[in-house]
Amino acid sequence: MDAKKIIEMKQERAQLTASMRQILNDYEDKLMPSDKKEEYEKQEKRFDEINDLILREEKQLERERAAGEIEDKTKATRKGEPNLFAKALTGNPDHIAEFKASMSLGSDSQAGSLTAPMEFRNELIKGLDDMLWMRQISRNVGPIGAGQSLGYPYRATEAADAEWVGEVAASPEETTLSYGRREFKPNRMAKLIKLSTTLVSHAPTAERTVREEMEYRIGITQEKAYMSGTGVSQPLGVFTASDSGISTSRDISDGNTASGVTFDGLMNAKYSLKEQYLRESVWVMHRDLVKMLAKLKDTEGQYIWLPSVALGQPDTLLGHRVHMSEYAPNTYTTGKYAAVFGDFKYYWICDADNLTVQVLNELYAPNNQIGYLYNYFGDGAPVVGEAFARVKLG
């Protein structure tokens with residue numbers, strides 16, 4: 001699907017949004033007839049379908065752009081020796097590269113040996129991958145060096161303001177200023193992968209499929225932790241209340257109900273941030289909440305959700321971009337977290353090392369397999385709590 005088609009879908013989505021708004025306006029203070037209710041539900045269903053298509057196609061365009069970059073590098077490699085990933089599959093420890101997979105050929109269930117009529121194709125049959133974006137909007141401050149951890153000083157308590165004093169009076173002493181330390185540790189993420197030696201020998205196109213699957217699965221584990229990690233042997237998430245990250249003092253529930261987020265609640269969350277943070281702040285929430293908020297109005301009856309109609313332009317909420325995460329909370333009951341609003345430059349990610357892969361040539365040889373043990377070490381945490389507001393239900 002080309003960019004023109006995506007724009008047409010965005011325009012149709014905007015038209016559906018306007019039509020749904022008109023129906024809601026017409027029956028705001030009275031019972032909606034069954035035919036209008038049926039019409040509204042059909043439009044709502046179509047809106048969800050188009051919205052999913054837009055997200056899917058825009059993600060595919062990003063993939064194709066990235067694939068183009070990879071292809072250019074691959075062509076350059078063909079002029080010389082085999083690329084690093086292909087050499088790593090041979091088991092040579094000097095040529096270990098970054099990849100992840102567990103696949104083989106043959107039977108549908110476990111995929112044992114290669115059957116004569118089968119030709120391995122590069123396309124992997126699977127459902128849609130989730131969108132991963134936290135590393136794009138956060139700040140990467142690594143790597144951790146030779147030490148056990150990486151520490152950054154931070155201002156724990158502000159100093160009191162300076163004072164006007166007489167010409168010969170004693171200078172007032174500062175007693176409130178204090179500093180602390182933010183510490184990033186090389187927490188370990190690990191996985192053991194077994195790959196059929198038959199696949200390595202007979203399916204040269206496995207490289208791209210294996211590498212993409214590996215990178216995606218690593219990204220999922222990271223993103224889950226950046227959302228709701230405990231901070232113990234893993235990153236500290238933005239939806240986890242902690243004095244080491246975003247404390248409960250940044251929870252904003254005023255104006256919200258016990259079962260839903262309101263316009264007043266969102267406004268309270270937005271303006272709980274200082275102006276300096278507002279300039280680049282974004283919303284983070286589950287798509288279930290987006291669906292709920294698309295129906296909210298401000299005090300003048302105007303809808304606060306503005307769906308994009310232009311290619312590359314994001315949907316906005318109260319003037320700020322919205323990021324939807326499958327790993328944000330989506331249980332909307334009393335006291336639960338619903339969204340985070342803030343400047344994510346103040347969520348820091350620290351990679352200790354590049355992903356490493358240990359090739360196990362002999363351990364799984366009786367099963368015609370090669371084992372690959374991969375490890376990632378890193379950390380992440382919010383470093384300035386006041387840069388965020390966590391939306392909480394009443």
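Closest non-hydrogen pair, P235 versus A225, comes out as CD-CB, 3.7 Å.
Within the 4.5 Å cutoff, the side chain of R46 has heavy atoms near those of the E12 side chain. At a threshold of 4.5 Å between non-hydrogen side-chain atoms, the residues L289 and Y332 count as touching. When side chains are defined from C-beta on, V165 does not count as touching S171, because their heavy atoms never get closer than 4.5 Å.
When atom types are taken as modelled, the side chain of E280 and the backbone of K345 share no donor-acceptor pair closer than 3.5 angstrom. Looking at R390, its side chain does come within 3.5 Å of a backbone N or O of I246 through a donor-acceptor pair. Using a distance-only test at 3.5 Å, with no hydrogens or angles considered, a donor-acceptor pair links the side chain of N268 to the main chain of D254. Remark: side-chain polar atoms of H320 are paired, donor with acceptor, to backbone N or O of S281 under 3.5 angstrom. Not a single donor-acceptor pair under 3.5 Å links the side chain of W305 to the backbone N or O of D315. A donor-acceptor distance shorter than 3.5 angstrom exists from the side chain of T176 to the backbone of A160, with no hydrogens or angles considered. Not one N or O on the side chain of N140 forms a donor-acceptor pair closer than 3.5 Å with the backbone of W348. Checking side-chain atoms of S325 against main-chain N and O of H286 turns up no donor-acceptor pair under 3.5 Å. One N or O on the side chain of S138 and one on the backbone of M134 form a donor-acceptor pair closer than 3.5 Å.
Taking a cutoff of 4.0 Å between a charged side-chain nitrogen and a carboxylate oxygen, E41 and K45 do not qualify as a salt bridge. Salt bridge present: E39 and K36 bring a charged side-chain N and a carboxylate O closer than 4.0 Å. Here E223 does not pair with R135 in a salt bridge; the nearest charged N to carboxylate O distance is not below 4.0 Å. Salt-bridge check for R287 with E326: passed, with a basic side-chain N closer than 4.0 Å to an acidic carboxylate O. Salt-bridge annotation for R250 and E386: absent, with no side-chain N of the basic residue lying under 4.0 Å from a carboxylate O of the acidic one. Using a 4.0 Å cut-off between charged nitrogen and carboxylate oxygen, D26 and R21 do not count as a salt-bridge pair.
Separating the OH atom in Y347 from the CG atom in L236 is a distance of 6.5 Å, to the nearest 0.5 Å. If you take OG1 on T17 and CD on Q22, they are separated by 13.0 Å, rounding to the nearest 0.5 Å. In this structure, CD1 in I349 is found 12.0 Å from CZ in R139, a value given to the nearest 0.5 Å. We find the OH-OG1 distance between Y376 and T221 to be 11.0 Å, quoted to the nearest 0.5 Å. From N368, atom CG reaches atom OG of S196 across 5.0 Å, with rounding to the nearest 0.5 Å. Rounding to the nearest 0.5 angstrom, the gap separating the OG1 atom in T262 from the CG atom in N256 is 4.5 Å.
Checked against a 6.0 Å centroid threshold, the rings of F388 and F344 count as neighbours. Residues Y327 and Y226 place their aromatic rings such that the two centres sit no closer than 6.0 Å.
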For this session: Could you please spell out the steps behind the salt bridge (Lys or Arg N to Asp or Glu O under 4.0 Å) verdict for K274 and D343?
Result: CA-CA 11 Å; K274 295 179 180 178; D343 187 344; over 6 Å; no
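Within 6.0 Å of CD on E174 lie more than 12 heavy atoms contributed by other residues, nucleotides or ligands. Atom NZ of K185 sits in a sparse spot, with 12 or fewer heavy atoms from other residues, nucleotides or ligands closer than 6.0 Å.
For the residue pair T333 / T331, no side-chain donor-acceptor distance below 3.5 Å is found, with atom types taken as modelled.
When V322, L318, L317 are each tested for a side-chain contact (heavy atoms from CB on, under 4.5 Å) with L293, only one passes: L317.
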